[in-house]
Amino acid sequence: MLKIAICNDEIFHIKKIKYQLDDLLFHYNINDCEIKTYDSLTKFCSLDLEVCQYQVVFFYIDRPDINFLEVTRKMRELNKEAFLVVVSEFIYYAIEGYKVNAFRFILKDKIHDMLPECLESIIQKLEISNLKVKFDFLEGETVILRDHIIYIESKKHKVIFHLLLKSEVTYSLYDKLDHIEEILDRNKFMRIHKSFLVNQKYISSIIRYKVQLRTGEFLPVPRQKYKLVEDKYYEIK
């Protein structure tokens, strides 16, 4: 599922962009999509772990009392990969947006004209069809989003997928973790241990031969592999 967040405290503008997004997504034949609205980016960031699930975030900023860089950097700490689209009537935020790797800046009064190109570019870069992967789990054949995989562990000839949906759930199948690693994107998943393959976006920190996940869980890192895992973590961070 493609997940989009709209952060704005003006109901009129929320309805306006949501209506246009629904129309554009229908045009691109993207039916598996969820759009949620939030009063502010600060409230959105307070969701913490849930922020990781969003691929696109629209952030309206017009109020001078909001520290743009502070709140957007907080969002980036939680989700480095989301396409951040800044919407404002002030061109100043176009320059500030580059500091937090914003994908696009849209002028508030030009959103109807600028949104189609913006969404089309996002869809092309996301490669929607490649976000999903199908596995024949013991619980039944299931299509899942790569972004929903927190980590995968190998245990007694099975691999167990830990997924974040509405809550954390698990699926399992008989396979080797080496094979699963080949199927998934190695740029997004890190092999921290012979028994653990972790989605990098859910790593909160790494310290003292352990990886801490945003779920609060800790996973072990072997002493001989620690430096390699640590270097890769800080490289992507």
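- In this structure, Leu138 shares a hydrophobic cluster with Tyr174, the cluster being traced through Ile, Leu, Val, Met, Phe, Trp and Tyr side chains under 4.5 angstrom apart.
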Donor-acceptor contacts, no H, no angles, side chain residues 221-228, under 3.5 Å, sequence neighbours left out:
| from | atom 1 | to | atom 2 | distance (Å) |
| --- | --- | --- | --- | --- |
| Arg223 | NH1 | Tyr209 | OH | 3.0 |
| Lys225 | NZ | Arg191 | O | 3.0 |
| Tyr226 | OH | Arg208 | N | 3.3 |
| Lys227 | NZ | Asp231 | OD1 | 3.0 |
| Lys227 | NZ | Asp231 | OD2 | 2.8 |

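- Ring orientation note: the planes of Phe59 and Phe68 are close to parallel, at an angle under 30° on the 30°/60° scale.
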Check: Could you go step by step and tell me if Leu173 and Asp136 meet the side chain to side chain contact (heavy atoms under 4.5 Å, CB included) rule?
Finding: CA-CA 7 Å; Leu173 55 81; Asp136 190 12; 5.9 Å; no

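- The backbone N or O of Ala82 sits less than 3.5 Å from a side-chain atom of Arg76, completing a donor-acceptor pair.
- Between the NE2 atom of His148 and the CD atom of Gln53 there is a distance of 4.5 Å, given to the nearest 0.5 Å.
- Within the structure, every pair that satisfies the salt bridge (charged side-chain N to carboxylate O under 4.0 Å, His left out) test and touches residues 82-100, not counting sequence neighbours, is listed here: Glu96-Lys99.
- In this structure, OG1 on Thr37 lies 11.5 Å from CG on Asp9, to the nearest 0.5 angstrom.
- At least one donor-acceptor pair under 3.5 Å links the side chain of Thr142 to the backbone N or O of Gly140.
- With a 6.0 Å cutoff to the six-membered ring centre and a 45° limit on the axis angle, Lys3 counts as a cation-pi contact of Tyr54.
- At a threshold of 4.0 Å, the pair Lys108-Glu10 counts as salt-bridged, since one of the basic side-chain nitrogens sits closer than that to a carboxylate oxygen.
- Between Glu181 and Lys176 there is no salt bridge, since no side-chain N of the basic residue sits under 4.0 Å from a carboxylate O of the acidic one.
- Within the model, atoms CG of Leu25 and CG of Leu2 stand 6.5 Å from one another, a figure rounded to the nearest 0.5 Å.
- Residue Ser204 holds its OG atom at 8.5 Å from CZ of Phe218, rounded to the nearest 0.5 Å.
- Side-chain contact of Ser88 with Asp62: a donor-acceptor pair under 3.5 Å is present, judged by distance alone.
- For the atom pair OH (Tyr60) and CG (Asp39), the distance works out to 14.0 Å, reported to the nearest 0.5 Å.
- Judged by distance alone, with hydrogens and angles left aside, the side-chain atoms of Lys201 form a donor-acceptor pair with the main-chain N or O of Cys52 at under 3.5 Å.
- For Gln55, the side-chain hydrogen bond (donor to acceptor under 3.5 Å, both in side chains) criterion is met by Asp147, not counting sequence neighbours.
- Note: Phe135 and Phe161 have tilted aromatic rings, judged against thresholds of 30 and 60 degrees for the angle between ring planes.
- Scanning for ring-ring contact (aromatic ring centres under 6.0 Å, His included) contacts around Tyr202 gives an empty result, with sequence neighbours left out.
- Shown here are the ring-ring contact (aromatic ring centres under 6.0 Å, His included) partners of His162, two or more places apart in sequence or in another chain: Tyr151.
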